[in-house]
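Computed from a predicted structure; not experimentally measured.
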Amino acid sequence: MAVEIVLPMLGVTVEKGTIIEWFKTEGDPVKKGESLYVVEADKVTTEVESPGDGILGRILVPAGVEVPVLTVVGVIVAKGEAVPDNYQPMADASQAPAPAAPAAPATPAPEPAADAYSAATPQADAQNYDYDLVVIGGGPGGYVAAIRAGQMGAKVLLAEKDTLGGTCLNRGCIPTKSLLSDVHPLHQIRKSAVYTGASKLAANVAKMMQRKDEVVTRMSAGVEGLLKANKVTLAKSEAKFVDPHTLELSGPDGTKQVTASKVIIATGSRPSEVPPIPVDGKTVINSDHALSLKQAPKSLVIIGGGVIGVELATIFSLLGSQVTIVELLPTIIAGEDPEVVAALKSALEDLGIEIITEARAQKVKKGKNGPSLVISDAAGNDRTLKASLVLVAVGRAPNTEGWGRDALGLEMDGPFVKVNPRMETSVPGVYAIGDVVGKSMLAHTASEEGVVAVENLMGSSRQMDYDRIPNCIYTFPEVASVGLSEAQAASRGLKVKVGKFPYRFSGKAAAMGEDQGLVKIVSDPELGEILGGCIVGQHATDLIGALILAMELEATVDDLGEVVMGHPTLAETVKEAALDCLGRAIHKP
């Protein structure tokens with residue numbers, strides 16, 4: 001598949017750029033990240049890197065020509081692949097867009113969009129459709145995609161049958177963070193030795209739920225305001241494909257059909273089920289139900305030791321519930337670094353949470369005093385766990401039904417919609433993002449996939465890089481990771497140098513009473529390239545941003561070690577871990 005080389009956005013006010021020199025000629029091999037050409041705009045020159053690996057198949061805009069930003073200036077193809085016929089070169093500067101005539105227009109010119117369509121975008125074709133883009137689903141992937149398309153000047157419709165914000169805002173990320181924020185002071189006070197009467201302190205669960213609902217309502221209204229500000233049409237309707245360019249909208253105002261040049265599927269996911277354990281919403285609940293409880297259950301058995309399971313276990317344990325986690329795999333939060341898992345497991349057990357791994361949930365027995373969950377351990381022995389409630393938290397399943405998938409004939413990847421790194425499906429003009437594609441079922445992944453999809457359909461050339469997507473777990477302590485772990489690097493045959501810095505050596509962590517934690521950085525021993533890292537500790541989900549930024553800017557551990565962090569701050573732990581990769585940590589014995 002051809003990869004487009006695009007003249008990038010060069011600043012908020014920059015609309016055009018002139019290519020000064022191409023460093024490669026047609027037929028030359030190129031690698032992702034290698035400088036391809038230099039462009040001048042507003043008297044500033046910038047080298048533009050290759051968006052992918054392959055062969056420079058065709059230069060569309062030669063040196064000396066000024067073109068608008070986001071114009072496709074070249075094409076990369078695979079070895080032996082022909083350049084598609086629709087990519088035709090611009091012979092010389094005489095073919096560059098001519099300046100506007102000085103005569104005054106008969107009517108005022110419209111305000112220019114923040115971005116513009118590139119020359120390769122079939123904007124003329126879009127005139128035959130009601131919308132340039134229809135987005136199905138208003139979660140963190142869908143609404144971000146709609147806003148970005150609006151910023152780029154597209155005529156956009158967003159169809160959402162439920163409340164704006166999707167699972168993340170209404171039944172996931174934001175509600176759980178609201179509840180975790182409320183129980184965190186309770187946790188700090190109880191473990192501190194400087195307070196008296198801490199054991200008698202309790203939370204008002206009903207008021208916590210009320211505050212959570214208020215936060216969700218305010219945030220959802222904020223999303224609607226952002227859509228209006230970017231001229232996105234909101235249809236509070238269910239959308240279903242009739243064909244790749246036609247959708248049927250069904251809502252309170254009836255049913256109608258709309259057409260679109262491009263469509264993005266962003267239909268999200270729902271709580272997964274365990275077939276032997278049917279959810280009834282009363283004694284057996286899922287995460288949606290758990291976030292609406294008016295009081296904490298006396299005892300709670302959670303099936304699933306992933307992110308959802310451990311976060312809800314933290315909340316309800318601090319609210320007074322006796323919590324047990326049952327996990328099928330040998331460890332909770334599978335896939336994270338073993339040192340991180342061990343630290344989190346210890347912290348959860350300190351809260352009084354029982355963790356049972358390598359155990360399979362078999363069935364639920366309902367009795368007068370509540371349900372009992374029958375599990376079998378690795379040896380096949382059965383055990384019965386009594387509880388007030390059983391919570392099924394085994395992950396999420398993609399919403400691939402109800403929006404007319406069969407009308408498209410989409411190629412699937414197991415239960416998910418199959419896409420390429422540009423977020424394109426097997427049907428031209430149809431894109432898919434977020435949980436429905438299953439690459440990384442996280443809200444911030446969906447948002448970035450939405451931006452990538454929109455910029456591609458608008459004529460740019462972007463690809464998702466999942467190695468730069470952070471994983472965040474909001475327990476006490478928090479857990480965050482990005483890129484390759486030490487084990488993953490080893491599985492790829494990479495030699496690594498690991499740097500570590502424990503929180504207990506941090507002055508800020510000690511002063512906060514939060515010295516339980518660790519920063520770990522995985523680097524290349526020769527180049528110093530940061531391959532990944534993980535953090536367990538207070539504010540880990542914020543601190544991981546420093547590592548992501550360093551990776552994005554291709555900074556080395558030497559570079560990160562030279563950054564002056566404020567003192568005392570937890571950010572110093574990241575600097576010290578980078579220095580430890582070099583054997584130069586200052587505050588580590």
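A salt bridge between Arg270 and Glu401 is absent, with no side-chain N of the basic residue lying under 4.0 Å from a carboxylate O of the acidic one.
A donor-acceptor pair under 3.5 Å is absent between the side-chain atoms of Lys16 and the main chain of Val67, judged by distance alone. In this structure a side-chain-to-backbone donor-acceptor pair under 3.5 Å is missing from Thr425 to Ala432. No donor-acceptor distance shorter than 3.5 angstrom exists from the side chain of Ser237 to the backbone of Leu249, with no hydrogens or angles considered. Using a distance-only test at 3.5 Å, with no hydrogens or angles considered, a donor-acceptor pair links the side chain of Ser523 to the main chain of Lys497. A distance-only check finds a donor-acceptor pair linking the side chain of Thr556 to the backbone of Asp559 [under 3.5 Å]. Asp580 places no side-chain N or O within donor-acceptor distance of the main-chain N or O of Ala585, the cut-off being under 3.5 Å. Side-chain atoms of Glu478 come within 3.5 Å of backbone N or O of Ala540 as a donor-acceptor pair. Within the 3.5 Å criterion, the main-chain N or O of Gly150 finds no donor-acceptor partner in the side chain of Asn230. The closest donor-acceptor contact from the side chain of Glu336 to the backbone of Val341 lies at 3.5 Å or more, if one exists at all.
Residues Gly165 and Pro140 share a closest heavy-atom pair of O-CD, 3.6 Å. Between Val536 and Val479, the shortest heavy-atom contact is CG2-CG2, 3.9 Å. A pairwise comparison of heavy atoms in Leu531 and Met551 identifies O-CE, 3.7 Å as the closest pair. Taking both residues in full, the closest heavy atoms of Gly137 and Leu158 are given as O-CD1, 3.2 Å, listed atom of the first, atom of the second, then distance. Looking at every heavy atom in both residues, Val30 comes nearest to Ser50 through CG2-OG, 4.0 Å. Taking both residues in full, the closest heavy atoms of Val6 and Val48 are given as O-CG1, 4.3 Å, listed atom of the first, atom of the second, then distance.
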- prompt: Could you go step by step and tell me if Gln151 and Met458 meet the side-chain contact (heavy atoms from CB on, under 4.5 Å) rule?
  reply: CA-CA 11 Å; Gln151 289 175 341; Met458 293 292 284; over 6 Å; no
query: When you look at Asp130 and Thr259, which way does the side-chain hydrogen bond (donor to acceptor under 3.5 Å, both in side chains) test go after all the steps?
result: CA-CA 5 Å; Asp130 298 323; Thr259 59; 3.3 Å; yes
task: List the steps and the verdict of side-chain contact (heavy atoms from CB on, under 4.5 Å) for Met412 and Val417.
output: CA-CA 5 Å; Met412 302 295 289; Val417 176; 4.2 Å; yes
message: Using the rule given for side-chain contact (heavy atoms from CB on, under 4.5 Å), can you reason through Leu60 versus Val75, listing the C-alpha separation, both sets of side-chain angles and the distance that settles it, and then say yes or no?
response: CA-CA 8 Å; Leu60 305 181; Val75 183; 4.0 Å; yes
message: Please determine whether side-chain hydrogen bond (donor to acceptor under 3.5 Å, both in side chains) holds for the pair Tyr431 and Glu449, giving the CA-CA distance in whole Å, both sets of side-chain angles, and the decisive distance to 0.1 Å.
response: CA-CA 10 Å; Tyr431 296 70; Glu449 288 173 338; over 6 Å; no
field: side-chain contact (heavy atoms from CB on, under 4.5 Å) between Lys155 and Lys231, worked out
entry: CA-CA 8 Å; Lys155 185 180 180 182; Lys231 300 179 181 180; over 6 Å; no
- request: Give the intermediate values and the outcome of side-chain hydrogen bond (donor to acceptor under 3.5 Å, both in side chains) for residues Thr246 and Gln257.
  value: CA-CA 7 Å; Thr246 308; Gln257 288 191 354; 5.6 Å; no
task: Start with the C-alpha distance between Glu448 and Arg468, add both sets of side-chain angles, then the distance that settles salt bridge (charged side-chain N to carboxylate O under 4.0 Å, His left out), and finish with yes or no.
output: CA-CA 11 Å; Glu448 186 64 14; Arg468 305 284 171 86; over 6 Å; no
message: I'd like to know whether Glu47 forms a side-chain hydrogen bond (donor to acceptor under 3.5 Å, both in side chains) with Ser35, so could you lay out the CA-CA distance, the side-chain angles of the two residues, the decisive distance to 0.1 Å, and finally the verdict.
response: CA-CA 6 Å; Glu47 291 188 6; Ser35 293; 2.9 Å; yes
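Ring geometry for Trp22 versus Tyr37: interplanar angle of 30 to 60°, hence tilted.
Within a 6.0 Å sphere centred on CD of Glu273, other residues, nucleotides and ligands contribute 12 heavy atoms or fewer. Residue-environment remark: CD (Glu526) stays at or below the threshold of 12 foreign heavy atoms within 6.0 Å. Residue-environment remark: NZ (Lys24) exceeds the threshold of 12 foreign heavy atoms within 6.0 Å.
None of Val134, Leu157, Leu227 except one satisfies the side chain to side chain contact (heavy atoms under 4.5 Å, CB included) rule with Thr233; the exception is Leu157.
Atom CG of Leu133 and atom OG of Ser261 lie 8.5 Å apart (nearest 0.5 Å). Remark: Ile59 CD1 to Thr25 OG1 distance equals 7.0 Å, nearest 0.5 Å. In this structure, CE on Met423 lies 11.5 Å from CZ on Arg462, to the nearest 0.5 angstrom. The distance from the CZ atom of Phe241 to the CD1 atom of Ile265 is 4.5 Å, given to the nearest 0.5 Å. A distance of 5.5 Å separates CE of Met565 from CG of Leu560, quoted to the nearest 0.5 Å. Atoms CG and OG1, on Leu543 and Thr573 in that order, are 5.5 Å from each other to the nearest 0.5 Å.
The shortest side-chain heavy-atom distance between Pro271 and Arg396 falls under the 4.5 Å cut-off. Two residues are said to be in side-chain contact when any heavy atoms from C-beta on lie closer than 4.5 Å; Ile469 and Met464 meet this criterion. With contacts defined as side-chain heavy-atom distances shorter than 4.5 Å, the pair Pro244/Leu408 qualifies. Leu410 has its side chain out of reach of Thr400: every pair of non-hydrogen atoms, C-beta onward, lies at least 4.5 Å apart. Between Val454 and Met152, the closest side-chain pair of non-hydrogen atoms falls below 4.5 Å. Ile530 has its side chain within reach of Val557: a pair of non-hydrogen atoms, C-beta onward, lies under 4.5 Å apart. Contact annotation: the side chain of Pro29 never approaches that of Lys79 to less than 4.5 Å [non-hydrogen atoms, C-beta and beyond]. Inter-residue side-chain proximity for Thr445 and Tyr466 is flagged as met; some heavy-atom pair is nearer than 4.5 Å.
Side-chain contact annotation: Glu4 with Tyr87, donor-acceptor N/O pair under 3.5 Å present.
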